[in-house]
Each structure stands twice: as structure tokens, then as C-alpha cells.
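What follows is a set of notes on a single structure, which appears directly below.
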Amino acid sequence: MARNRSKLNEHWSSKWAFIFAAAGSAIGLGNIWKFPYITGANGGGAFVLIYLLCVLLIGIPILIAEIYIGRLGDDNPVDGMLNIIKNNKLSRLWVAIGWLAVIGSFLILSYYCVIAGWTLDYTVKSINGAFTHMTPMGIDNMFTALLAHPAKLIFYFTIFIALTGYILSQGISKGIEKAIFVLFPVLLIILIALVIYAIDTGFFVAGLKFLFQPDFSKINASSVLTAMGHAFFTLSLGMGAMMMYGAYLPKKYSIPQAAAWIAFIDTAIALLSGLAIFPIVFAHGLDAGAGPGLIFKTLPLAFAKLPYGHLFASLFFIMLAIAALTSTISLLEPSIAFLLKRTKLKRVQATMLACAATWIVGLCSLLSFNLLANVKFFMGTFFNNIDYLTTNMMLPTNAFLISLFVVWGIKRKHVQQDLMMTNVLHNIWYNVIKYFSPLAIIIVLISTIAS
Ligand code: TRP
């Protein structure tokens with residue numbers, strides 16, 4: 001296919017740099033905070049099984065498509081889409097995919113940094129031993145007090161954006177790659193240490209059973225939708241992150257193989273987090289289905305009662321912050337690449353501008369928990385609305401458009417050549433993308449809107 005010379009002046013220095021950066025994007029609050037609590041709330045094993053099927057049957061195929069479009073576009077999501085449109089003489093309407101990607105990643109980032117800020121506060125708290133001798137009431141009050149304290153929240157939220165910006169200001173190989181090759185091993189070592197610690201609680205088998213023994217009576221239509229939505233979120237699909245990282249991927253590497261690795265690493269980390277968290281929770285007879293408070297309330301309480309709980313609680317929150325950081329860098333990069341292309345700014349300046357914009361929009365989400373808590377419209381607070389708009393609407397819509405685009409926008413012959421899959425795999429993938437994923441996404445979208 002006729003392609004112009006690369007529009008980006010940097011690329012990943014190796015296949016593994018891409019795989020780990022993308023896995024870092026995928027591994028985030030979604031794996032360590034959200035996956036355990038939605039698994040807990042949906043009864044465990046059967047939900048995990050459905051989630052695994054969603055990753056395999058819909059997640060990986062769309063991940064392949066998204067990375068592929070990114071690489072084909074060879075630029076930030078908007079200009080990348082424009083490149084593909086021009087080279088293939090397609091309708092300009094397809095550029096919507098690029099805009100949804102750049103705007104969506106920016107919006108997700110703005111509220112993601114708010115929660116990431118909480119993890120920093122909890123890191124400091126746990127290091128200071130704030131959870132020792134805590135009562136359930138005390139833990140509850142601690143969390144409520146944090147949310148009611150705008151100055152403190154702003155402090156950590158700002159630090160988090162600054163960390164993200166600092167890494168990205170250094171570029172792809174000196175910034176993202178260098179950070180990921182330090183952060184990922186640290187995350188993995190901490191997680192393994194936590195799993196070993198969980199084995200030591202004596203409740204490891206209970207945790208295993210909870211995660212892997214399916215009880216289908218706990219499953220209903222809404223759990224299936226939750227599982228599918230989470231598969232998209234955890235793989236960072238639809239919102240430009242994977243598209244952008246794909247654009248930095250040299251043509252010689254196989255996308256399907258990389259996608260399989262990314263999904264595997266992401267899933268492994270989610271399951272390991274579950275294996276670390278549930279035994280600790282069960283060891284104290286606490287409730288696994290506590291919802292979003294599982295990590296910020298139930299878990300600190302459990303740590304408070306365990307030997308060396310102080311140390312392991314600290315490690316846990318450091319790990320959570322690291323996981324969040326490797327995701328926020330992938331969420332900010334599309335905006336920076338867009339600014340670099342459309343303005344005369346240097347990378348450092350573009351990063352500062354993108355960070356400032358994130359800070360302003362994110363501030364509204366942050367204040368949704370305190371000063372603006374009573375300002376409610378549509379789905380609730382500003383935070384609720386941004387979360388709903390991005391995760392529940394923009395993300396599936398764009399994943400849907402991406403599936404359509406790969407099938408109806410690009411000639412199958414080229415797709416097959418570029419993706420270098422065997423005939424059998426190609427046929428399976430192509431049919432999934434053509435029929436199965438759009439249908440599944442439409443069902444998710446309609447039921448979201450209906451409820
Ligand atoms: N996947 C990350 C998580 O599990 C979050 C994330 C990063 C994301 N980039 C994204 C979600 C892009 C949707 C789209 O926490």
C-alpha cells in the first residue's frame with residue numbers, strides 16, 4: 001500500500017520495549033483496584049471465566065486491530081487516521097476514530113490522575129504506619145476524610161501529573177522505555193512478594209477457590225456486560241493509547257504476537273492481584289464484595305492485623321501507584337503527539353501544555369468529591385459524568401468503529417499481508433472483527449444506554 005515516509009521521528013527500540021510499554025498501559029488501576037472488586041461483587045470464579053473469554057474472543061482481536069490502525073496511520077491518532085484516509089481515498093468521516101481517541105484518552109487521564117493521587121496518599125499513609133491498630137470505623141473515616149480534603153487531593157494529583165509529564169518530556173526511548181524497564185520489574189517483584197505473603201496467611205486456597213471455582217448461579221446478564229466492559233478498559237482499548245503506541249512500532253514486528261503477549265501479561269497481573277488480595281481479605285473474614293472500597297478500606301484493615309502488615313501495605317500501595325503511572329503515560333502521549341504535530345511547540349513545551357490542560361479538567365473531577373459534590377447533572381457529579389462518558393460510551397463506540405474500519409476501510413489483502421498471520425488465524429480474526437465484536441459491542445452499548 002502506498003505509504004508516506006514515517007511522520008514520527010522516534011520508534012520503539014525493540015519488540016519488547018513495545019510489548020512492555022503497552023502492557024504497562026494495560027496494567028493499571030483496572031487490574032489491581034477494579035478487577036478484584038468487580039470480581040468480588042460478581043461472585044468470583046464464574047465471572048473470572050467470562051472475563052477471560054471476553055479478553056480472548058473480543059479483547060485480543062480488537063487490540064490487534066487498534067495497534068494495526070495506529071501503525072498504518074504512523075502518526076498521532078487524528079493525523080494517522082487522516083493519512084490512512086488519504087492513502088486509501090476513504091470518507092473523511094472515519095477521522096472520528098482519531099478524534100475520539102485523542103479526546104477520550106485526555107478525558108480518561110484527567111480523572112484517572114485523581115484516583116492515582118489517592119494511591120500516593122495511601123502510599124505515604126501506609127509507610128507512616130497509619131493503618132496499624134485501625135478499626136473498621138477508623139478506616140472508613142480515613143477514606144472519607146481524604147476525599148473531603150481538596151488541598152491534599154490537589155497536592156497528590158498534581159504530583160502524579162508532574163511525574164507523568166516528566167517521563168513523557170524525555171520522549172519515547174529516553175522517557176517511556178527507560179521508565180517502563182525500571183517500573184515493570186519493580187511492580188512484578190512486589191506483586192510476587194505479596195502473593196507469597198498471601199500464601200502465608202493460610203487462606204490462599206480460599207482465595208484460589210474464590211477466583212477459579214465457577215458458581216454460575218451468581219452470574220446474570222449484567223455481569224457479562226461488566227466483564228466485557230472491563231476487558232476493553234483493562235486492555236486500554238478504544239481510547240488512542242494502543243493506537244499511539246502502535247504508531248511507534250516498526251513495521252518488521254508482528255502485531256498479533258505482540259497483542260497476545262500484552263493480553264497475557266495484563267491478565268496474569270490481574271489474576272495475581274486477585275490472588276494477593278483475596279486471601280488477605282478472607283484471613284480476617286472481611287467481605288470480598290465490598291465494591292470500590294475494597295482496596296482503600298477493606299485491604300488496609302486486613303493489613304493492619306497481619307504480621308508485617310505495615311511493610312506489605314506500603315509495598316502494595318507503591319505497586320498500585322506504579323501501575324497507575326505506566327497507564328497515565330500512555331494516556332497523555334496521544335495529546336502530546338497531537339500538539340507536536342499541530343503546533344510549533346517543542347516536546348517539553350507540548351508536554352507542559354498537555355499537563356496543564358489535564359490538571360484543569362481533572363480538577364473538576366477532583367472537586368466532585370468535596371466542594372462540587374452537590375453539583376449534579378445527568379449521571380451525577382462531574383466525575384461520574386466523565387467516567388460514564390469515556391468508559392461506557394466513548395470507549396465502546398470507538399472500539400466498534402475500529403472494528404468496522406479494519407473491515408470496511410482497508411482492503412483485506414493488505415490487512416492480511418501486514419498482519420502476517422497464518423490463513424487459519426487470519427480467517428478467525430477477520431470473522432470475529434467483522435461479525436462478532438461489532439455485535440457484542442452494540443449489545444453492550446444498547447444495554448448501557450437502556451439502564
Ligand atoms: N488499562 C488501564 C487500567 O487497566 C487504564 C487505561 C490506560 C486505559 N489507557 C487506557 C483505559 C486507554 C482505556 C483506554 O487501569
Side-chain angles (χ1 to χ4, degrees), residues 20-39 51 54-55 58-60 62-63 65-67 69-70 77 97-98 100-119 160 164 167-168 176 180 183-184 187 191 226-246 259 262-263 265-274 292 295 319-336 358 386-402 441 444:
F20 280 106
S25 167
I27 298 162
L29 298 168
N31 301 58
I32 303 173
W33 173 54
K34 204 165 173 189
F35 173 74
Y37 92 68
I38 57 176
T39 299
Y51 161 75
C54 289
V55 168
I58 316 181
I60 297 180
I62 296 184
L63 181 57
E66 181 167 342
I67 298 173
I69 293 182
I97 293 178
L100 274 170
V102 170
I103 298 171
S105 53
F106 172 77
L107 291 178
I108 291 193
L109 177 71
S110 70
Y111 79 83
Y112 201 89
C113 285
V114 175
I115 304 176
W118 303 352
T119 71
F160 212 91
T164 307
I167 293 171
L168 289 176
I176 305 181
I180 209 80
L183 296 176
F184 188 80
L187 181 140
L191 185 55
T226 308
M228 190 141 55
H230 187 64
F232 288 147
F233 187 82
T234 190
L235 289 175
S236 302
L237 292 177
M239 296 282 85
M242 291 300 177
M243 219 188 272
M244 190 69 241
Y245 276 10
I262 297 163
I265 299 172
D266 180 63
T267 307
I269 299 283
L271 293 176
L272 284 173
S273 307
I295 295 304
M319 173 178 83
L320 194 56
I322 291 178
L325 184 59
T326 55
S327 295
T328 53
I329 54 184
S330 75
L331 286 166
L332 187 58
E333 181 58 23
S335 300
I336 295 176
T358 308
I386 291 267
D387 180 25
Y388 184 84
L389 177 72
T390 51
T391 318
N392 297 351
M393 308 303 302
M394 293 173 82
L395 197 159
T397 303
N398 219 20
F400 178 73
L401 292 177
I402 287 170
I441 298 171
V444 172

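We're numbering straight along the sequence, starting at 1. Whatever order the structure lists ligands and atoms in, that order sets their numbers, starting from 1. Just so it is clear, the values below take in all heavy atoms, side chains as well, and ignore hydrogens, waters and symmetry mates.
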_Can you confirm whether Y51 sits close enough to T39 that some side-chain heavy atom of one is under 4.5 Å from a side-chain heavy atom of the other?_
no
*Which salt bridge (charged side-chain N to carboxylate O under 4.0 Å, His left out) pairs, counting each pair once, include a residue from residues 321-333, with sequence neighbours left out?*
E333-R347
_Nearest heavy-atom neighbours spanning L235 and L63_ = O-CD1, 4.3 Å
*asked:* Among A26, S236, G24, which one puts a heavy atom closest to atom 3 (C) of ligand 1?
replied: A26
*Nearest heavy-atom pair of A323 and I32: which atoms, and what distance?*
CB-CD1, 3.7 Å
*Just checking, any donor-acceptor pair under 3.5 angstrom between side chains of S236 and S25?*
yes
*Close N or O approach (L237, ligand 1; < 3.5 Å)*: no
*Check whether any N or O atom of M239, backbone or side chain, sits under 3.5 Å from an N or O atom of ligand 1, and answer yes or no.*
no
*Just jot down the ligand 1 atoms closer than 4.0 angstrom to any heavy atom of L29, in number order.*
15 (O)
*Starting from atom 2 (C) of ligand 1, locate the nearest protein heavy atom and write down its residue, its atom name and how far away it is, to 0.1 Å.*
S25 O, 3.3 Å
_Residue S330 vicinity, atoms of ligand 1 by number, heavy atom under 4.0 Å_ = 9 (N)
*Heavy atom under 4.0 Å from ligand 1: found in S105's side chain, backbone, both, or neither?*
neither
*N/O separation below 3.5 Å, S327 to ligand 1*: no
*Residues S273 and N31: side-chain donor-acceptor under 3.5 angstrom*: no
*Side chains of Y112 and T164: is there a donor and an acceptor less than 3.5 Å apart?*
no
_Can you name the atoms of ligand 1, numbered from 1 with element, that are less than 4.0 Å from a heavy atom of L395?_
13 (C)
*Protein heavy atom at shortest distance from atom 11 (C) of ligand 1*: F233 O, 3.3 Å
_Regarding atom 10 (C) of ligand 1: of the candidates N31, L331, N398, which has the closest heavy atom?_
L331
*Under 4.0 Å, heavy atoms only, figure out whether ligand 1 is touched by the backbone of F232, its side chain, both or neither.*
neither
_Please list the nearest protein heavy atom to atom 15 (O) of ligand 1 with its residue and the distance rounded to 0.1 Å._
Y112 OH, 2.5 Å
*asked:* Using modelled atom types and a 3.5 Å cut-off, is there a donor and acceptor pairing between side-chain atoms of T234 and backbone atoms of H230?
replied: no
*Keeping the roles fixed (side chain from N398, backbone from I97), state whether a donor-acceptor pair exists under 3.5 Å.*
yes
